[in-house]
2 protein chains.
Amino acid sequence: MTEKEKFLGEFEQLLLLSILKLAENAYGSSIRQLLADVIDRDVTIGALYTTLERLEKKGMLESKMGESTRERGGRAKKYFKVNAKGQHALKRSKEALASMWENVAITQMSLP
Amino acid sequence: MTEKEKFLGEFEQLLLLSILKLAENAYGSSIRQLLADVIDRDVTIGALYTTLERLEKKGMLESKMGESTRERGGRAKKYFKVNAKGQHALKRSKEALASMWENVAITQMSLP
DNA sequence: ATCAAATAGTTTATTTTGTAGAGTAAATTG
DNA sequence: CAATTTACTCTACAAAATAAACTATTTGAT
């Protein structure tokens, strides 16, 4: 049967990468901040958590609640971690895209 | 107003790249074949054309019907070509992903 | 002329992803 | 204990991806 694995969606990839980048500090708000900083993409909270939940359901990542922080105030954070399956999927997506980019040249210069 | 441009979906990227790779020979079936060959991804005909249509509607590519071929038999091909906007979008998506991959290491080795 | 085979595109419906936004919860500080 | 800060949950909807059956055009054989 060996069903062919599906590829990750675009946003899913971005979330997994964010989590990897943030390492021990990956939780909802920090992920959101990272995406805004690195690729100037504003994500609504809802978009973020629903997708994270889906990724967890698919077995790409794991989450655990953190303890309360001693910062200013605020609720406990939910930390995320990409697991082996998620890393594998990411790698596959990266490789697929890389092989598709091989020998492709963008001729166009800049655009409005 | 300057609305923030959206990124391309993953499949959209793959299609645009296929078209660039195939250059003058980019039409439905050849695109499908290329994706199967290069990234081992089987795409149904419907998936292909609906997405191509969407990309055209978004102004990322153009299409024109070809003349009948003198091969074996068969209907006329519909040729696709990525335009400046499509190239620009592709480039942006590539760069975004690249910056997200920066300093990210995949530790996992191989998986079932 | 007619029909089978080859090639290729169209249509319709459904599922999966992506998005928005209001709402809820917990902790801190005065 | 109320205001503030931080952060997550829930619900509904839109867009993208996918599937599968169907239609169209051309060639070549009979």
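Residue numbers begin at 1 in each chain, while the letters A, B, ... track the order of the sequences.
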Could you list the donor-acceptor pairs under 3.5 angstrom formed between side-chain atoms of residues 9-18 of chain B and any protein atom two or more places apart in sequence or on another chain?
residue : atom : partner : partner atom : Å
E10(B)  : OE1  : R41(B)  : NH1          : 3.4
E10(B)  : OE2  : R41(B)  : NH1          : 3.1
E12(B)  : OE1  : G9(B)   : N            : 2.7
E12(B)  : OE1  : K58(B)  : NZ           : 3.3
E12(B)  : OE2  : K58(B)  : NZ           : 2.7
S18(B)  : OG   : L14(B)  : O            : 2.8

Subject >> Side chains of L8(B) and R92(B) in contact at under 4.5 Å (non-hydrogen atoms) >> reply: no
Taking only N/O atoms, report every protein-nucleotides 10-14 of chain C pair under 3.5 Å with atom names and distance.
none

Original post:
L52(A) has an atom CG; how far is it from atom P of dT16(C), in whole Å?
Top reply: 19 Å
Subject >> Atom pair distance, as rounded to whole Å: CD in E56(A) and P in dT16(C) >> reply: 19 Å
Original post:
Could you give the CG-to-C1' distance, from L22(B) to dA8(C), as a whole number of Å?
Top reply: 15 Å
Original post:
Does the N103(B) side chain pair with the main chain of K21(A), one donor and one acceptor, at a distance under 3.5 Å?
Top reply: no
Subject >> From CG (L97(A)) to CG (L97(B)), nearest 0.5 Å >> reply: 6.0 Å
**OP:** Take W101(B) and L20(A), measure what side-chain contact (heavy atoms from CB on, under 4.5 Å) needs, and give me the verdict at the end.
**Re:** CA-CA 9 Å; W101(B) 269 102; L20(A) 287 177; 5.6 Å; no
**OP:** Provide, to the nearest angstrom, the distance between the CG atom belonging to L48(B) and the C1' atom belonging to dT18(D).
**Re:** 11 Å
Subject >> Separation of dA20(D) P from D42(B) CG (nearest whole Å) >> reply: 12 Å
Original post:
What is the minimum heavy-atom distance between L52(A) and I19(A), and which atoms define it?
Top reply: CD2-CD1, 3.9 Å
Original post:
What is the distance from atom CD of E53(A) to atom CG of L61(A), rounded to the nearest 0.5 Å?
Top reply: 10.5 Å
With the criterion being N/O to N/O and under 3.5 Å, what pairs connect the protein with nucleotides 14-16 of chain D, and how long is each?
residue : atom : partner : partner atom : Å
dA16(D) : OP1  : K58(B)  : NZ           : 3.1

Subject >> Non-neighbouring partners of Y27(A) that pass ring pair (Phe, Tyr, Trp, His ring centres under 6.0 Å), sequence neighbours left out >> reply: Y79(A)
Original post:
Counting only side-chain N and O atoms of R41(B), is one of them less than 4.0 Å from OP1 or OP2 of dT18(D)?
Top reply: yes
**OP:** In whole angstrom, give the distance that lies between atom CD of E5(A) and atom C1' of dT16(C).
**Re:** 18 Å
**OP:** Would you give the length of the straight line joining atom OG of S29(B) to atom CG of L34(B), rounded to the nearest 0.5 angstrom?
**Re:** 12.5 Å
**OP:** Could you state the atom-to-atom distance from CZ of F7(A) to C1' of dT15(C) in whole Å?
**Re:** 19 Å
**OP:** Give me the residues of residues 25-34 of chain B where at least one heavy atom lies under 4.0 Å from an atom of DNA chain C, by number, or none.
**Re:** Y27(B), G28(B), S29(B)
Subject >> side chain to side chain donor-acceptor pair (under 3.5 Å) involving E95(A) - partner list, sequence neighbours excluded >> reply: none
Original post:
What distance separates K78(A) NZ from K64(A) NZ, expressed to the nearest 0.5 Å?
Top reply: 13.0 Å
